[in-house]
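What follows is a set of notes on a single structure, which appears directly below.
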Number of protein chains: 2
Amino acid sequence: MSLTATTTKALRSDARRNREQLVASARELIAREGPGVSVEEITQHAGLGMGTLYRHFATKDELIDAVLEDAFAELVELARQAAAEEDAWTGLTTFLEQALARHVANRGLKDVLASREHGRRRAEAMRTRIRPFLRGLIERAQAQGTLRSDFTSEDLPLLFWTAGRVIETTATVAPDYWRRYLGLLLDGLRADAATALPQPPLTRAQLARAAGRHES
Amino acid sequence: MSLTATTTKALRSDARRNREQLVASARELIAREGPGVSVEEITQHAGLGMGTLYRHFATKDELIDAVLEDAFAELVELARQAAAEEDAWTGLTTFLEQALARHVANRGLKDVLASREHGRRRAEAMRTRIRPFLRGLIERAQAQGTLRSDFTSEDLPLLFWTAGRVIETTATVAPDYWRRYLGLLLDGLRADAATALPQPPLTRAQLARAAGRHES
DNA sequence: CGATAAACGGAGTGGACACTCCGCTTTATG
DNA sequence: CATAAAGCGGAGTGTCCACTCCGTTTATCG
């Protein structure tokens with residue numbers, strides 16, 4: 001019986017060391033190259049065999065999920081801090097800025113959040129923990145008259161989907177161009193810019209279903 | 001010697017028939033499923049063999065390019081009509097709306113324009129023909145005081161990249177949700193919404209280089 | 001130290017997919 | 001209608017990957 005939350009079954013010392021080495025290598029490669037790196041590259045970089053990887057992680061996705069644990073925790077912390085801001089508009093926009101800056105620095109993070117394909121468990125837990133903070137910010141910003149009143153928290157993924165696309169397209173050529181996009185978009189989110197929108201937001205159910213799709 | 005522009009070497013009758021059948025099948029499948037459909041599916045749907053496909057098209061990308069020829073022509077026509085609009089803001093926004101509606105109806109079109117990977121030749125030609133129309137619209141809309149003055153034609157791809165993402169994520173679940181996104185974005189493009197942007201637009205060279213990247 | 005269970009390495013498997021090769025079939029022509 | 005050239009079909013090839021299997025190595029404990 002162990003004290004750690006994840007019921008670790010007391011790994012042999014070499015096994016623990018190797019597991020850590022694997023996660024470290026994967027973290028580095030996935031942040032730089034994205035989740036597309038082959039498992040072979042990861043094991044080679046770690047100086048270990050494939051068998052070792054699959055002893056510790058049932059699938060590549062599980063490894064990715066584990067690798068991003070820290071990045072997810074950091075996003076939750078950013079949301080927590082943002083929610084503490086007096087001015088909700090400032091809180092919301094700084095959260096967006098900081099979260100997207102993390103996306104630029106960590107390709108794996110961006111791709112996983114964009115696709116919902118990889119590493120589902122921890123990613124989903126993170127979403128659940130962040131949601132109330134952002135929902136609160138949105139409500140407060142609307143009450144303070146800074147955020148347009150027809151924007152809902154179900155529209156938030158939109159910002160990450162689209163900014164993610166801008167980042168992946170321009171990161172290597174103009175790594176800060178996404179800030180221009182965010183500026184444009186934020187100008188459309190201000191209460192005083194608002195014009196009636198032609199479509200309702202997604203429902204929570206639609207948002208959940210929008211997950212699976214992707215390809216190409 | 002033939003009269004058609006593309007120097008067709010007088011195909012045998014069955015060959016021409018098969019080529020057309022191939023393009024027709026590919027058009028249908030690519031519009032519905034995207035350029036990810038396998039060449040095998042295409043040839044099977046056409047009732048022909050792989051050899052036949054590769055007799056007519058050197059690569060899959062060349063087939064895709066050929067298949068989208070009509071869709072490209074339609075976009076050029078839309079741009080031409082939009083440029084004739086008296087009110088440039090209306091022209092610009094209707095062009096965006098109509099072009100994006102085509103993206104929803106034709107997954108292949110969307111994916112090719114988003115990635116710049118597939119079918120380069122005709123796609124590039126189309127871009128070249130559309131550019132002056134949109135550039136003119138932007139200038140006129142700015143002169144008419146409707147479009148924010150710091151928006152440039154190099155920012156246009158941004159709209160298609162991001163709207164493309166919205167479409168691919170939500171099309172199966174809420175096929176019109178992209179209109180909500182466009183509404184939000186357009187509110188940020190209005191002259192009276194403008195706030196100073198933190199980053200310059202891409203240069204033409206950066207835009208060209210942004211092409212190659214993608215993956216995952 | 002020696003026995004034993006745990007862990008390891010990496011060649012091998014399977015599946016996907018674009019593309020090729022060549023023996024056979026069909027069209028065009030005199 | 002015969003013959004040659006054009007065209008066709010589809011099994012086969014090469015490549016890329018995630019993932020598995022099992023003979024070998026290593027930590028641990030009495």
Worked check of side-chain contact (heavy atoms from CB on, under 4.5 Å) between B:L189 and B:L159: CA-CA 11 Å; B:L189 295 187; B:L159 309 187; 4.2 Å; yes

Phosphate OP1/OP2 of [N] contacted by [X] side-chain N/O (<4.0 Å):
X	N	answer
A:T52	C:dG9	yes
A:N18	C:dA7	no
A:H56	C:dA7	no

Would you call [X]-[Y] a salt bridge at under 4.0 Å N-O?
X	Y	result
B:E20	B:R17	no
A:R122	A:D65	yes
A:E168	A:K110	yes
A:R32	A:E28	yes
A:D176	A:R179	yes

side-chain contact (heavy atoms from CB on, under 4.5 Å) between A:L109 and A:L75, worked out: CA-CA 10 Å; A:L109 180 65; A:L75 287 185; 4.3 Å; yes

Contact state string [nucleotides 15-21 of chain D, B base, S sugar-phosphate only, - no protein heavy atom under 4.0 Å]: ---SBB-

Base versus backbone protein contacts along nucleotides 23-30 of chain D [heavy-atom cut-off under 4.0 Å; B, S, -]: ---BSS--

Strictly by modelled atom types, are [X] and [Y] linked by a side-chain donor-acceptor pair under 3.5 Å?
X	Y	answer
A:T152	A:E154	yes
B:S25	B:Q21	yes
B:T162	B:Y181	yes

Tabulated below should be each protein N or O lying under 3.5 Å from an N or O of nucleotides 1-3 of chain D; please produce it.
none

